[in-house]
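This report refers to the structure that appears directly beneath it.
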Amino acid sequence: MLLRLATALQVDSGYIRAPRAFVLLLTGAQRTSARRLTKAFSTTTPSAAMQHTDAFPNLKDLVLLGGGHAHVEVLRSFGMKPLPGVRLTLITKDVHTAYSGMLPGFVSGFYSFDECHIDLSALAAFAGARMVHAEAQAIDTQAQAITLSGRPPMRYDVLSIDVGITPSAQGVPGAMDHAIPVKPVSNFVDRLTTLKSGKRPSDRSVKIAVVGGGAGGVELALAVHHMLEQQRIDAQSASQHPPAVTVFARGQILRSYPAAVRKAFLQAMQAKGMSLEEDAATASTGLPLDEQGFVRVLDTLQCEEGPANVFAVGDVATSAANPRPKAGVFAVRQGPPLASNLRRLLQGEELQPFTPQSTYLSIITTGDRYAVASKGWVTLQGAWLWKVKDWIDRGWMAKYAEKLSDMMQPGDLQSPVASAAGAEALAAVAAARMRCSGCGAKVGSTTVDFLRSFVPDPLVFGAIAANHALGDCHAMGAKADTALAIVVVPQGLDAQVEEDVYQLLAGALPVLEAAGCALVGGHTSEGAELSLGFCINGSVEPSQALKKGGMRPGQALVLTKPLGTGILLAGHMRRLAKGRWLTGAVQSMQQSSEAAARCLRQHGATACTDVTGFGLLGHLTEMARASQVAVRLDGGSVPLLQGARECAEAGVLSSLHPQNARVASAVSNVSAVADHPLWPLLLDPQTAGGLLASLPIEQSEECLRQLHEQGYHEACSIGRVGEACSHEDHCIHLEPSCG
């Protein structure tokens, strides 16, 4: 029965002819077929010891859609005080979310990217939340599911929406080609970077139009003017014309502010030579929401219309009872009451109303280090107010970055048994709290690959696990035929357990199908952590198989992917790796090596292996000893993932590093290189790493050119195969020079 169901999923009605076909199966009326497959995998009852652990089963799924200002406070709140039985998930299209209060300062050049962006990946890890990097397209409140772009939907029990807003350019001639919407902020930052690096015309002014007369629009216009003017001054070009910045407003600018505030900014804009067009027409969004196009919410922050388990906050929401301007201060203030009411709803308690303040402190900068402040009828201005705003903004950002470390109190690691066993046992207890996942969690060179989850998104984990398992077949030049899955899922209600397996399969099956490999069965059991492994059966003619022992003197060594996944994953656990670094590592782990293997074979490769748990140095040593040759490794040519070197220099190591370091005896000059910053990266265990191959030196340049064209942009030659030597000799000489 299991074999028949698994085979049917592969071939019946063409479900798996393309990755999206599987998505259609799972999102349409035939979703139950996948559920049946999920249940068809035989299940093991957890042991008595497992049943008596402190792990709490997943009972409810709380999903935060968007990483806005209110949601970052919810994440911090749940990190400080988790709610047992609630699984928290953040769905966001941005790994780093900008703090709107510091965005004008970023435009002016006063803040770096990291100073004004919150790393959602690190914050989600602090909160114990799964982070799903995807863009939402629709919400089905009846099915309690969120439709996501390019992947199956995700279910929820309670949903909170804080996605911000995207201005509509429909009906505005030329807007789609020439406008840069400020929301979503991530797109604006990307376009702004392009604007900053662009060439300036010398015969005319750079013309910028800012549409929007609120505080955000005026402040941003002044910041853009300051940025362009500063670039003109830095270029020391008298021939360049001053920038021409115009603000277009529907009605008057800053119309909800005191007259003194409006007067101060009119004077500042006039002094800078900026233009103003008030009472300008704007295009309608056409959204079927309130009269201004926003989601209507109650004073409990629940949606006014619809089920009680859906909340909306931030710019996307509006309260008919308590209307307020679209200012970041209100989104920030919504965070604590939102977190409280989410807890209350999940615990079956009465929700509490929230009434935002009617007056608030507003500090608006003028592009340079000068600001105008107001609260009620009181208005002040001066350079000192910019310093006050800077202090306030940095303090708010610190709550979601460096101050998180102060909240993370390590548990009691003292144990009479460990103390009696000695220093090594105490070190093992301490290290257990930071044990790596992925290939960094393997226990040595004698085990098969079986990975516990190292990314919070189960679909992405499923895709990486399948890609990792296929690596051996690709390296040998074999055709992957069938696969068996071994799955461990955390305890929970049937709906949560089913959802985990469903998401894992939704990630893994398209990867297997792309390789022509059929999933024919598997086994699931309950455990403390989500884990997944595959047993792949492949076929290849023995005479055509690429082996580790085929290296020949004079050949070039080619590596197809950069190193660093193990160190970056370890750095993420310690919150030392930036979210964008982890995103790069995840993208690398999802890249298949099938096309790379084909390219290597076409250019005469005689030996090949995939670089995984033993690190580059460990796998290279295996190849050199099997081939009985010496190898010169050019460390400066070894490609690295972004952030890997920084994490290594900060002392981050994978927990498998000590075992991998035992290969040091194979390096002839180990005493000279063991303290080099590159050394830990050569020992770093890789998950779904690249291929390491030897091929004729005269073929290497063309091979690399084709690899680059096929998307392996970091592929490069990293050394040369030397003369023959016995396997007992020091078979590797490392040139550690950094490129």
Side-chain angles (χ1 to χ4, degrees), residues 98-113 115-117 179-183 185 188-189 191-198 200 205-237 240-249 252-258 260-278 326-329 361-374 379-394 397:
Y99 175 41
S100 60
M102 300 176 80
L103 187 60
F106 173 69
V107 174
S108 294
F110 302 145
Y111 301 117
S112 68
F113 180 91
E115 285 177 320
C116 63
H117 283 76
I180 306 176
V182 179
K183 303 292 183 71
V185 171
F188 171 74
V189 170
R191 296 284 296 274
L192 177 67
T193 302
T194 303
L195 178 64
K196 283 184 174 181
S197 60
R200 300 285 174 267
S205 298
V206 176
K207 296 182 178 181
I208 301 291
V210 177
V211 180
V218 172
E219 191 174 20
L220 188 62
L222 287 159
V224 169
H225 183 278
H226 177 83
M227 175 194 75
L228 296 174
E229 180 64 10
Q230 193 62 48
Q231 286 185 339
R232 186 176 75 92
I233 295 173
D234 293 343
Q236 297 181 346
S237 175
Q240 277 193 355
H241 292 248
V245 179
T246 303
V247 176
F248 292 84
Q252 292 183 328
I253 64 167
L254 303 170
R255 57 184 176 181
S256 63
Y257 286 80
V261 174
R262 172 176 158 78
K263 180 180 179 181
F265 276 92
L266 287 173
Q267 291 174 344
M269 293 171 64
Q270 184 178 15
K272 296 174 185 294
M274 297 172 59
S275 302
L276 174 63
E277 294 288 341
E278 296 183 316
K326 297 299 176 186
V329 62
L361 174 63
S362 174
I363 306 179
I364 309 173
T365 61
T366 61
D368 46 11
R369 287 185 167 89
Y370 193 91
V372 178
S374 66
T379 301
L380 299 171
Q381 58 181 296
W384 67 275
L385 282 168
W386 190 93
K387 295 180 180 179
V388 172
K389 176 175 168 54
D390 177 67
W391 178 77
I392 294 173
D393 290 343
R394 289 183 183 274
M397 287 289 294

**Request:** Return the minimal non-hydrogen interatomic distance between Ala371 and Leu385, and the atom names on each side.
**Result:** O-CD1, 3.8 Å
**Fill in**
One should read off an interatomic distance between Met102 CE and Ser112 OG, to the nearest 0.5 angstrom, of 8.5 Å
**Prompt:** Taking the inter-plane angle between the rings of Trp386 and Tyr111 on a 0 to 90° scale, is it parallel (under 30°), tilted (30 to 60°) or perpendicular (over 60°)?
**Reply:** parallel
**Request:** Quick one: closest heavy-atom pair of Gly101 and Asp393, and the distance?
**Result:** O-OD2, 3.5 Å
**Prompt:** So, for Val245 and Ala221, which heavy atoms are closest and what is the spacing to 0.1 Å?
**Reply:** CG1-O, 3.9 Å
**Message:** If I take atom NZ from residue Lys387 and atom CG from residue Asp390, how far apart are they, to the nearest 0.5 angstrom?
**Reply:** 10.0 Å
**Message:** Among Val224, Thr246, Leu222, exactly one meets side chain to side chain contact (heavy atoms under 4.5 Å, CB included) together with Met274. Which residue is that?
**Reply:** Leu222
**Any residue meeting side chain to side chain contact (heavy atoms under 4.5 Å, CB included) with Leu276, in chain and number order, not counting sequence neighbours** = Val247, Ile253, Leu266, Met269, Glu278
**Item:** Single hit among His226, His225, Arg232, Gln231 for side chain to side chain donor-acceptor pair (under 3.5 Å) with Glu229
**Value:** Arg232
**Prompt:** Does any non-hydrogen side-chain atom of Arg262 lie less than 4.5 Å from one of Arg255?
**Reply:** no
**Prompt:** How close do Val218 and Gly213 get, heavy atom to heavy atom, and via which atoms?
**Reply:** CG2-O, 3.8 Å
**From CA spacing to verdict: side-chain contact (heavy atoms from CB on, under 4.5 Å), Met227, Ile208** = CA-CA 12 Å; Met227 175 194 75; Ile208 301 291; over 6 Å; no
**Asked** Are Arg394 and Glu115 close enough, and set up right, to give a side-chain contact (heavy atoms from CB on, under 4.5 Å), and what steps lead you there?
**Response** CA-CA 8 Å; Arg394 289 183 183 274; Glu115 285 177 320; 3.5 Å; yes
**Request:** Quick one: pull up OG in Ser374 and CD1 in Ile363 and give me the separation to the nearest 0.5 Å.
**Result:** 9.0 Å
**Item:** For the student: nearest non-hydrogen atoms of Met397 and Cys116, plus distance
**Value:** CE-C, 3.7 Å
**Asked** Which atom pair, heavy atoms only, marks the closest approach of Thr366 to Ala268?
**Response** CG2-CB, 4.4 Å
**Request:** Indicate yes or no: at least one non-hydrogen side-chain atom of Tyr257 is less than 4.5 angstrom from one of Ile364.
**Result:** yes
**Prompt:** What distance do Thr365 atom OG1 and Leu220 atom CG have between them, rounded to the nearest 0.5 Å?
**Reply:** 9.5 Å
